[in-house]
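Along the sequence shown, residues are numbered consecutively beginning with 1. Just so you know, ligand 1 is whichever comes first in the structure, and atom 1 is the first atom listed for that ligand.
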Amino acid sequence: MATKTKFQAIRGTRDLLPPETALWNRVEQTAHEVFGTFGFGEIRPPIFELTDLFSRSVGAETDIVDKEMYTFRDNPDGNTGLEDRHDDLRRSYERHAGRDEESLYLASVHNFVNDIRRKLEAREIVSNPALEMSLRNLKKSLADYDSSEFRPDLKPALRKQVLMSEIRLQVESFSFGEEISLRPEATASVCRAYIENNMQQLPQPVKLYYMGPMFRRERPQKGRYRQFYQIGAEVLGGSDAPAIDAEVIEMVMTFFDRLELQGVQLDINSIGHSADNCRRAYVEKLKAALENVKDKLGPDSQRRIETNPLRVLDSKLESEQGIIATLPRIADHLCEDCATHYAAVKHQLEMRGVIYRENWRLVRGLDYYMRTTFEITAQGLGSQNAVCGGGRYDGLVELLGGPPTKGIGFAIGEDRLILSLQESGKAPAQQGRDVYIAWMGERAHATAIRAAKDLRKAGFSVELPPVEQKFGKALGQADKLGAKYALILGDNEVSEGLWTLKTLADGSQAKFTEPDLLVHLKKQL
Ligand code: ATP
Ligand code: MG
């Protein structure tokens, strides 16, 4: 006999179950309500996008894109073994072009063409007209490159340049299915949607919020999962008025307040502006300061001095804290515009009664992030205590091919938000039924079905057992389900038209006509 496989949820994923899901629903409902009062509309972008969207926006050098994304090839023809070769080839153009290394690139292109031909002959891949045409064009350009007959009017260097870009375009024209990733976050999708749906033509700014699952292959632990949920919002277009930054922050804080989230701490900072050079100048100073203390830092931070010095400030290493405290602070290096903006954001927060703490170590590693950054922590979460991260990203929409567009947003970690609410006892108890209908006999069953319909229509939660039970057993069942009332329907009740309602908490009983029963329950519940 075959042993049965016992399936388990994939590592880092989990089932959300009742009664906990009631809390999830309450949190999400509150988000709909609060964000709605701030004029935000809901967007539901897809859960997967082209990998390139994320590598461009989140950053190819970040942990998220580098090692945490769930990526797959969406290829209707199955895996032909050519997809990765094709991707490598496209990337190798960037590496070799313009560096007198064209011959290396061209050799790879020749190999690629030969591989396709071999696979076609061996019938490992099926030919199609698009593939034939791409192959034909590419072969022709490769031949032109080697002969002198193509555009003899051009100087040799220019001629090669023209042909190289032809070859590159033809390499691009091959299609082996797209590389797709499950979204690790949603800001990129929202910006893509803003551009794709021409939302710059709507009244600006456009205010959008989303909620849903995100995917990152991280080491699972409390408050850190591979499928987790975010609730986020973005303000796109319009101006970068400090009041927008403050209102976005006010909105998250109002949401947390409405949920009675405990121990909420808002940290803010300004990271300057890369285009105004204040950040660049600061990063240079920071780098120089870090070089001086390099041997006192751990290997991660040492590496980051070169790759991303700002992120050294993020370090949680105990041994580095003393050194980091001595480093130059960006607030002292902001240009006049950025300093004015930051001061105005703080003033605007004060006008809104939002309490904040300035945290000069709060940074973002990517160029398109600028000025306002913020993070919110809550209690009961141990070291995974950040429930919300946000900031201004005026360069992102443009980076994704859209018009210059101001942007600011945040993402709340819903799993952690829920954990914190549960830790502080804000979770609702199991929701019992209002009424359990204990019926006996065929006639009573018909009445019970009608009663259940009427009670549910009036909004009560009703349990109607599918098969007849002895009254004693039915009452026991009602108790287990946490029902408040048992409605007893037997032959007597049906013929008299008087129904017995038993209050399970104290065992008291009373008789009601059908309309009186509804009135009575509405008063009680
Ligand atoms: P952390 O430093 O905790 O890893 P992050 O900087 O990666 O957070 P963001 O990308 O800014 O987080 O996402 C915003 C919020 O989403 C975080 O503050 C956190 O609450 C939540 N979050 C991020 N990654 C996870 C995860 N793997 N599991 C659960 N929640 C997460
Ligand atoms: Mg992270």
Side-chain angles (χ1 to χ4, degrees), residues 9-14 16 20 24 27-28 31 54-55 57-59 61-70 181-191 209-234 248-249 252-253 255-256 259 261 263-269 271 300 304 308 310-317 359 361-366 368-369 372-393 396 407-423:
I10 287 170
R11 189 169 136 80
T13 74
R14 61 206 177 120
L16 305 173
E20 192 183 297
W24 285 75
V27 163
E28 288 166 15
F54 301 119
S55 31
S57 61
V58 180
E61 304 299 320
T62 56
D63 283 355
I64 292 181
V65 168
D66 204 30
K67 42 185 193 241
E68 295 175 0
M69 283 210 296
Y70 288 93
S181 292
L182 300 187
R183 63 183 187 191
E185 56 103 57
T187 302
S189 301
V190 175
C191 291
Y209 73 94
Y210 60 84
M211 50 184 78
M214 308 294 157
F215 306 85
R216 296 181 194 174
R217 195 186 284 104
E218 301 194 74
R219 194 169 69 77
Q221 51 195 294
K222 183 186 172 194
R224 195 176 290 287
Y225 312 96
R226 292 182 167 185
Q227 173 171 341
F228 63 101
Y229 295 78
Q230 283 186 339
I231 300 177
E234 319 287 350
V248 164
I249 294 173
V252 199
M253 297 300 272
F255 172 55
F256 286 163
L259 291 170
L261 184 66
V264 176
Q265 168 74 55
L266 163 68
D267 281 14
I268 63 166
N269 191 22
I271 53 171
D300 280 344
R304 286 179 183 143
N308 202 340
L310 278 174
R311 282 207 42 209
V312 176
L313 304 180
D314 246 357
S315 159
K316 309 271 187 301
L317 262 188
N359 178 354
R361 287 177 52 179
L362 198 61
V363 290
R364 305 264 146 179
L366 300 170
Y368 60 79
Y369 278 112
T372 312
T373 57
F374 58 99
E375 185 172 273
I376 302 170
T377 51
Q379 78 179 28
L381 296 171
S383 54
Q384 257 62 254
N385 66 348
V387 287
C388 176
R392 179 165 280 289
Y393 51 81
L396 181 54
I408 181 168
F410 63 80
I412 295 166
E414 192 177 0
D415 309 70
R416 293 185 196 174
L417 173 56
I418 300 268
L419 266 174
S420 179
L421 291 172
Q422 286 169 330
E423 296 279 326

Determine the minimum heavy-atom distance between V363 and I271, stating which atoms define it. CA-CG2, 4.0 Å
For a quick test of reading the model, state the closest non-hydrogen atom pair linking T377 to A386 and the distance between them. CG2-CA, 4.0 Å
If hydrogens are left out, which of K316, Q227, Q221, R224 has an atom nearest to atom 2 (O) of ligand 1, that is, the closest non-hydrogen atom? R224
Contact check: A386 vs ligand 1, nitrogen or oxygen atoms, below 3.5 angstrom: yes
Should S57 and L396 be marked as a side-chain contact (heavy atoms from CB on, under 4.5 Å) after you check the CA-CA gap, both sets of side-chain angles, and the distance that decides it? CA-CA 7 Å; S57 61; L396 181 54; 3.6 Å; yes
Show the atoms of ligand 1 that are less than 4.0 angstrom away from any heavy atom in G413. 15 (C), 16 (O), 20 (O), 21 (C)
If you measure from each heavy atom of Q384 to ligand 1, is any distance below 4.0 Å? no
Do you see a protein non-hydrogen atom under 4.0 Å from atom 8 (O) of ligand 1? no
Ignoring hydrogens, what is the shortest heavy-atom contact between V27 and E414? Give both atom names and the distance. CG1-OE2, 4.0 Å
Answer yes or no on whether R217 is positioned over the face of Y70, meaning its NZ or CZ is under 6.0 Å from the six-membered ring centre and within 45° of the axis. yes
Taking the minimum heavy-atom distance to atom 10 (O) of ligand 1, which of R216, R416, R226 ranks first? R216
For residues F54 and E185, report the shortest heavy-atom separation together with the two atoms involved. CE2-O, 3.9 Å
Counting from 1 in the order shown, the ligand 1 atoms closer than 4.0 Å to a non-hydrogen atom of E218 are 24 (N), 25 (C), 26 (C), 27 (N)
Stepwise side-chain hydrogen bond (donor to acceptor under 3.5 Å, both in side chains) test for Q227 and Y229: CA-CA 7 Å; Q227 173 171 341; Y229 295 78; 2.9 Å; yes
Per-atom filter on ligand 1: closer than 4.0 angstrom to a heavy atom of C388 are 18 (O)
What atoms of ligand 1 come closer than 4.0 angstrom to any heavy atom of V387? 18 (O), 20 (O)
Identify the two heavy atoms, one from P184 and one from M69, that lie closest to each other, and give their separation to 0.1 Å. CG-SD, 3.8 Å
To which protein heavy atom is atom 11 (O) of ligand 1 closest, and what is the distance rounded to 0.1 Å? R364 NH1, 4.1 Å
Can you tell me which residue and heavy atom of the protein come closest to atom 29 (C) of ligand 1, and the distance to 0.1 Å? G223 O, 3.3 Å
Flag, side chain of R416 to backbone of G223, donor-acceptor distance under 3.5 Å: yes
With backbone taken as N, CA, C and O and side chain as the heavy atoms from C-beta onward, which portion of M214 lies under 4.0 Å from ligand 1: side chain, backbone, both, or neither? neither
Taking distance alone, with N or O pairs closer than 3.5 Å, would you say Y225 contacts ligand 1? yes
Please list the nearest protein heavy atom to atom 30 (N) of ligand 1 with its residue and the distance rounded to 0.1 Å. F228 CD1, 3.4 Å
Give a yes or no on whether the backbone of D314 and the side-chain of K316 come within a donor-acceptor separation of less than 3.5 Å. yes
Relative to atom 13 (O) of ligand 1, which among Q230, E375, R219, E185 owns the nearest non-hydrogen atom? Q230
